[in-house]
Amino acid sequence: MRQHVPEDTVFWSDIQHSATMASTIEQPCYTLINATSESESYNELQLKMDLEKGDIKVKIDALKKVIHMILAGERIPGVLMTIIRFVLPHQDHMIKKLLLIFWEIVPKTTPDGKLLHEMILVCDAYRKDLQHPNEFVRGSTLRFLCKLKEPELLEPIMPAIRACLDHRHSYVRRNAVLAIFTIFKNFEFLIPDAPELVANFLDIEQDMSCKRNAFLMLLHADQDRALSYLASCLDQVSTFGDILQLVIVELIYKVCHANPSERSRFIRCIYNLLNSTSAAVRYEAAGTLVTLSSAPTAIKAAASCYIDLIIKESDNNVKLIVLDRLIALKEHPTHERVLQDLVMDILRVLASPDIEVRRKTLSLALELVSSRNIEEMVLVLKKEVAKTHNLVEHEDTGKYRQLLVRTLHSCCIKFPDVAATVIPVLLEFLSDTNELAASDVLVFVREAIQKFDYLRPLIVERLLDAFATIKSVKVHRAALWILGEYAVTADDVQMVMSQIRQTLGELPLVEDEMKRASGEKSEDDTTSVATVQKLVTSDGTYATQSAFSASVNIKKAEARPPLRQYLMDGDFFMGAAMGTTLVKLALRYLSLVSDSTRQNRFCAEAMLIITSIIHLGKSGLPSKVITNDDADRLLLCLHVLSDRSPEIISIFSQHCRHALSIMLSAKAEEEASIIKAKEKPGNEVQADDPISFLQLSSQRGDQATENVFELSLSQALAGSRRDGGSKDIGLGGATKLNKITQLTGFSDPVYAEAYVHVNQYDIVLDVLIVNQTGSTLQNCTLELATLGDLKLVERPQPVVLAPKDFCNIKANVKVASTENGIIFGNIVYDVSGAASDRFVVVLNDIHIDIMDYIVPASCTDTEFRQMWAEFEWENKVSVYTNLTDLHEYLNHLLQSTNMKCLTPVKALSGQCGFMAANMYARSIFGEDALANLSIEKPYNKPDAPVTGHIRIRAKSQGMALSLGDKINMAQKRPQKSCGQ
């Protein structure tokens, strides 16, 4: 393990983390030193002269060069004795710091494993430094002794290490405890009474950092002594420092899991730590409390602590982590009932400005809300809606408004009783400039007006009030459809017609526009205007000169009514929607009013509006001419109003609403299936299943008593099953075998293979190395490098392999983004007595698949179009396959890319010779990937392969290219069916 270096250790500017890979031997070390690339070559003789006769500054520079040379794998015989004679006696602190690093890296043994005689002198220097009057020299020496692996060097100085426990300075005492702990852990025979010694030290120590180190040692070395100390000061735990409290929480957790009967003894202490001043302690205490007790009071206390942490912490990452803990808490059925009472406290988190925190908070609150607190939740959401109106428009303000609309929508569908109070608030959004929020409101209104009959008059009334203030053409079009479908009384029909006339302007449209263009429209266009001109005088000052001119004709940019403006902008799809709405209104008016005069007047007015739109579209006045489709639709509307055949009337008056009801039912079924897929399957126990005994099984299924430390460790090592479920347990071995990559050949002197395990943000390579020779391989080192957005965390340490021996080496690689990466490298080793110094075996490349980071996701059509327009990287891939069925190719593509098809199944059903589908996926790093599939095949050639192309869009170039490469690879595989 790599020893943790605390912040109070002093380093100099040359020491930093090295991200480069060297092809040299690496001894086990704790400090990485970066050598500058422009380092000059060193003269060994000159170095010895500098170390022997130079002043302090020269000796420091020479010592640094020696350290760099040793790290580079160079051997400098004789320099050890020179340093012992001429550098070691110096009292300069910088030299002493450098010497500690030098003693750490210098070889201390002969080739046959015996300790060098010179190290006896070094050992005496250690002893003197441990008795040095300066506390920093003592403390840094003690820290260095934690890294020594030679018991022969440690044995003579054990009395000096013990004596440091009584030093006056806390820095020396806490490092002395660390040194004793490390020595006891590695070489127990050197200090067998260490637990007793540290326990006595703990009883009299006052400094918190020293007590923390001592308690940590007892926790790992002698748990009984740690428990007895904790029991003696249980009432004082809340007064301890946070570093000691964290260790106490860890001890209580381990003890209570090992011996559940101890829970009652320590659970009160955990309750007290929930009120600690340290956020870290409260977080750990809440997590421990949840695992130790499933009592409602404990769950409520832990959840309240989590909520308080989220509200008070400023770091968004912390907020998201703690929110995830709350969401995980909800997964347990008994805990969910407790959390339902805390919904209003959870909503306090909405004060955070981060959109992701707000999204998770609203999602959690929506899942927990019940009929008892739905009204209170709606009131809070209404206040949040009002706040967004007063805020300055920001990028996330519109998204937050959209989130609030969707949450209120879900609340109303889940609890219809609150719909009457929510709808008036939501309809205020129709006049919003943010089209996303207004569109979501219309989606909600459409569903509510279909499902809740008693709310229809209220919705129609409010929608008519807001109709004139709508600013978006899409929202206006949807509002027209709703009003045309659900205005069911004669008065409502008349009011809708008057709103359309009002927002369309005077008829006929062409004549009115001609008047407006010729200036005959308004008498107020002639205006007296004073023109002001700014001049510069001869002395450089400014002066103004005004000239008053009368009767200057200036055309004011008079605003047109909204519906007419859409038509003048060339959006005649709006005109077609208006024509359909007018037909529905007219047909319904005919059935509601028996007076033929009024009937004819209404129909004539509707036909006048439709003909005016057609005339305007062909007049050349709008910016775009009306399309043939829109003109045909409007002519059909005129035909329907004149003929009034029963079949057409039934289509306009009944089938449209029926189609909406089918669509809403299909959407509800899809949402129910998604929710069901997320639910954890219940444990079905058969009569002949074996009984699991707690004492006999380490892997137990009880979530409440599960050791989360062990669980997280096992998950980190074994990973999550992507295909999940108990049915696949038997196939676990086969799945692992598929992830094994052979790195060398069977005839190579060293055989290597790697098991590649991809976690969420890192890759673990478990490399098996086998020595196939009859010689001992010394300093056998696995050297790795990466290509792509991958980063090697730390280089593996060298090992010694006996003849025919094997070992496992693990390496961690950090992943920063979603793109294909390559890991490559070699194995380097020495053979004693061989003519060559080093032997190298080059490894095969390991290709990291993008599919390990991509998961299917879903989004709305609006969001898909918006992202499609925003994303700048596009990759067009041609379809080249031997598959002959369009649906078969789509399924094969979805399986190969982990994407989800957003196009409904009904839209893809049938055989027409071509297919277009939208696909969407999201990476674990939050990157979106969009794809549009356009394929076809000759309808009269059943055996012809599918042709076409796939367009991929992503925010980053790597994502688009990697996904395209994956599709190309999947197409090359000869497949006749997806099932094969």
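Side-chain atoms of Lys399 and Ile355, non-hydrogen and from C-beta on, do get closer than 4.5 Å to each other. Tyr283 has its side chain out of reach of Leu274: every pair of non-hydrogen atoms, C-beta onward, lies at least 4.5 Å apart. In this structure the side chain of Leu342 reaches within 4.5 angstrom of the side chain of Leu339, judged on heavy atoms. Looking at heavy atoms from C-beta onward, Lys319 lies out of side-chain contact with Asp354 at the 4.5 angstrom threshold. Contact annotation: the side chain of Leu320 approaches that of Val357 to within less than 4.5 Å [non-hydrogen atoms, C-beta and beyond]. With a 4.5 Å cut-off on side-chain heavy atoms, Tyr171 and Arg143 count as touching. Looking only at side-chain heavy atoms (C-beta outward), Val380 and Met344 come within less than 4.5 Å of each other. You'll find the side chain of Leu309 stays beyond 4.5 Å of the side chain of Val318, heavy atoms only.
Atom-to-atom distance recorded for Asp193:CG and Ile180:CD1 is 9.0 Å, nearest 0.5 angstrom. Taken from CE in Met377 to SG in Cys411, the straight-line distance is 4.0 Å, to the nearest 0.5 Å. Rounding to the nearest 0.5 Å places CD1 of Ile311 at 10.0 Å from CG of Leu350. Phe215 CZ to Cys233 SG: the interatomic distance, rounded to the nearest 0.5 Å, is 7.5 Å. To the nearest 0.5 angstrom, Ile183 atom CD1 is 3.5 Å from Ile161 atom CD1. Between the CG atom of Leu251 and the CG atom of Leu246 there is a distance of 13.0 Å, given to the nearest 0.5 Å.
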| message | Please evaluate residues Arg282 and Thr277 with respect to the criterion side chain to side chain contact (heavy atoms under 4.5 Å, CB included), reporting the C-alpha separation (whole Å), side-chain torsions for both, the decisive distance (0.1 Å), and the verdict. | response | CA-CA 8 Å; Arg282 300 208 315 271; Thr277 54; over 6 Å; no

| Verdict with reasoning, Glu863 to Arg406, per salt bridge (Lys or Arg N to Asp or Glu O under 4.0 Å) | CA-CA 14 Å; Glu863 291 169 341; Arg406 291 183 178 179; 3.2 Å; yes

| Step-by-step side chain to side chain contact (heavy atoms under 4.5 Å, CB included) determination, Glu331 to Glu336 | CA-CA 7 Å; Glu331 299 299 325; Glu336 186 175 2; over 6 Å; no

| task | Report the C-alpha distance between Glu367 and Lys330 in whole Å, list the side-chain angles of each, state the deciding distance to 0.1 Å, and finish with yes or no for side chain to side chain contact (heavy atoms under 4.5 Å, CB included). | result | CA-CA 9 Å; Glu367 291 179 5; Lys330 176 193 69 69; 2.7 Å; yes

| request: Just do the side chain to side chain contact (heavy atoms under 4.5 Å, CB included) check on Asn200 and Glu196 with the steps written out, would you? | output: CA-CA 6 Å; Asn200 295 334; Glu196 182 183 355; 3.9 Å; yes

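Within a 6.0 Å radius of CD in Glu356, more than 12 heavy atoms belonging to other residues, nucleotides or ligands are found. The environment of CD in Gln236 is crowded: more than 12 heavy-atom neighbours from other residues, nucleotides or ligands sit within 6.0 Å. The 12-atom threshold is not exceeded at NZ of Lys300, counting heavy atoms of other residues, nucleotides or ligands nearer than 6.0 Å. Annotation: Lys312, atom NZ; neighbour count of heavy atoms from other residues, nucleotides and ligands within 6.0 Å does not exceed 12.
With hydrogens and angles ignored, the 3.5 Å screen pairs a side-chain donor or acceptor of Asn186 with a backbone N or O of Thr182. Panel note: side chain Asn373, backbone Ser370; a donor-acceptor pair is recorded below 3.5 Å. Of the possible polar contacts, one joining the Lys414 side chain to the Leu366 backbone as a donor-acceptor pair under 3.5 Å is found. With Ser352 contributing its side chain and Val349 its backbone, the two residues share no donor-acceptor pair below 3.5 Å.
Ile854 and Ala921 make their closest contact through CG2-CB, 3.5 Å (heavy atoms, listed as atom of the first residue, atom of the second, distance). Leu292 and Cys256 make their closest contact through CD2-CB, 3.4 Å (heavy atoms, listed as atom of the first residue, atom of the second, distance). Between Ala194 and Phe184, the closest heavy-atom pair is CB-CD1, 3.6 Å. Nearest heavy atom pair, residue Ser293 against residue Ile267, reads CB-CD1, 3.7 Å. When all heavy atoms of Ala179 and Leu142 are compared, the pair lying nearest together is CB-O, 3.8 Å. When all heavy atoms of Pro296 and Val338 are compared, the pair lying nearest together is O-CG1, 3.8 Å.
Of the candidates Lys211, Arg174, Arg173, Glu205 forms a side-chain hydrogen bond (donor to acceptor under 3.5 Å, both in side chains) with just one, namely Arg173.
The side-chain tip of Arg358 points at the ring of Tyr400 from less than 6.0 angstrom away and within 45° of straight on.
Side-chain atoms of Ser276 and Gln245 form a donor-acceptor pair, as typed in the model, at a separation below 3.5 Å.
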